[in-house]
Enquirer: 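The structure is given below, and queries will be raised subsequently.
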Amino acid sequence: MALKDLFRGKFQDRIAALFVSGKNREEILGELEEQLVLGDISLPIVNRLMAVLASGTRNNDPREEFLALLRRELLALFPKQPRQPLADGSKSVLLLVGVNGSGKTTSAAKLAHYFHKRGRRVLLAAADTFRAAGSTQLTLWGEKLGIPVIGGDRGADPGSVVFNAMQSWQARDFDLLVIDTAGRMQTKANLMLELEKITRVIAKIAPGQPAETWLVLDASTGQNALVQAEKFREFSAINGMVLAKLDGTAKGGTVVSIAVGMKLPVLFVGSGESADDLWEFSADDFVDSLLGK
Ligand code: GDP
């Protein structure tokens with residue numbers, strides 16, 4: 001499946017159904033508004049979209065006119081020039097953060113596989129030593145995908161796992177190191193201290209790294225994903241997002257709400273439990289999947 005097919009036939013069928021004959025513009029706008037809200041686009045964004053649609057359409061405008069305007073406004077909610085992270089093949093470290101259960105470990109494996117398939121020499125690090133199965137889970141993925149994994153025992157210092165992984169990444173012929181971290185701590189302060197320690201260890205060995213720190217969010221929780229993200233707002237190093245579990249929501253609007261609410265670029269989306277269920281995010285393809293082409 002391609003990203004542009006991810007929400008095909010869900011939102012778009014309902015939108016198409018609004019334009020049956022006999023409805024006037026007010027009725028169409030009212031029902032469109034309802035569908036956008038039901039599609040899990042947050043109210044302030046829906047209000048913005050509706051204001052543009054109300055001023056930009058006239059009675060008897062064809063469906064294409066409404067949809068073209070909606071498409072343009074939805075696209076405008078995403079950054080204009082999306083960056084292509086980790087595309088140049090240079091030696092880089094990618095740190096993944098997020099709450100427990102958000103899909104971090106699975107996303108680490110999927111991302112490692114994504115870049116491995118594109119010819120990168122990838123190393124995985126399992127710095128989630130807090131969870132009993134954290135390291136084992138990633139090691140199993142590594143075996144399945146043919147990607148080496150540096151791990152540690154449960155309770156081991158994540159900083160030391162990261163230190164070992166950084167040493168291997170530097171000394172051996174790897175160009176991309178993907179680090180999975182723990183997401184559950186007794187307090188938010190502990191979690192931030194641990195992440196700061198990990199980034200210090202990385203930067204000490206390789207100044208300028210981690211080049212990428214991405215927040216993994218569970219998109220199937222709808223706008224509650226923004227609540228998950230709350231813990232990480234203080235962690236200023238985050239420069240992108242991975243939205244996992246899009247297969248758990250029929251409501252693509254979540255992606256819009258999260259992207260706008262977080263003011264961070266959506267770089268990858270995951271939708272499914274196998275290694276290939278990951279796509280580099282493209283706003284064009286995503287809006288196509290919502291509205292049809
Ligand atoms: P972590 O605690 O953040 O590392 O989360 P995990 O990667 O362990 O994921 C938690 C659960 O969500 C696991 O059962 C995963 O198989 C599942 N999961 C992760 N990503 C996806 C996804 O894109 N789709 C679905 N359906 N399940 C996912």
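Given the structure is predicted, the values throughout are model-derived calculations rather than measurements. The chain is numbered in sequence order, starting from 1. When a ligand or atom number is given, it counts from 1 through the structure's own listing order.
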Enquirer: Any chance the side chains of T221 and Q228 put a donor and an acceptor closer than 3.5 Å?
Expert: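 There is such a pair (donor and acceptor under 3.5 Å, judged by atom type) between the side chains of T221 and Q228.
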
Enquirer: May I ask you to check whether over 12 heavy atoms, not counting those of Q84, lie within 6.0 Å of atom CD?
Expert: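 At most 12 heavy atoms, drawn from other residues, nucleotides or ligands, come within 6.0 Å of this atom.
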
Enquirer: Can you name the residues that come within less than 4.0 Å of ligand 1, going by heavy atoms only?
Expert: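 Answer by chain and number: V99, N100, G101, S102, G103, K104, T105, T106, K110, R131, Q137, K245, D247, G270, S271, G272, E273.
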
Enquirer: Quick one: does NZ or CZ of R118 land under 6.0 Å from the six-membered ring centre of Y114, within 45 degrees of the ring axis?
Expert: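 Satisfied, under 6.0 Å and within 45°.
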
Enquirer: Any sub-3.5 Å donor-acceptor pair from R71's side-chain atoms to L291's backbone N or O?
Expert: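 Flag not set: sc R71 to bb L291 has no pair under 3.5 Å.
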
Enquirer: Taking the side chain from T181 and the backbone from L96, do they hold a donor-acceptor pair closer than 3.5 Å?
Expert: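 Yes.
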
Enquirer: Examine L191 and L215 and state if one hydrophobic cluster contains both, with Ile, Leu, Val, Met, Phe, Trp and Tyr joined whenever side-chain heavy atoms are less than 4.5 Å apart.
Expert: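 Hydrophobic grouping puts L191 with L215.
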
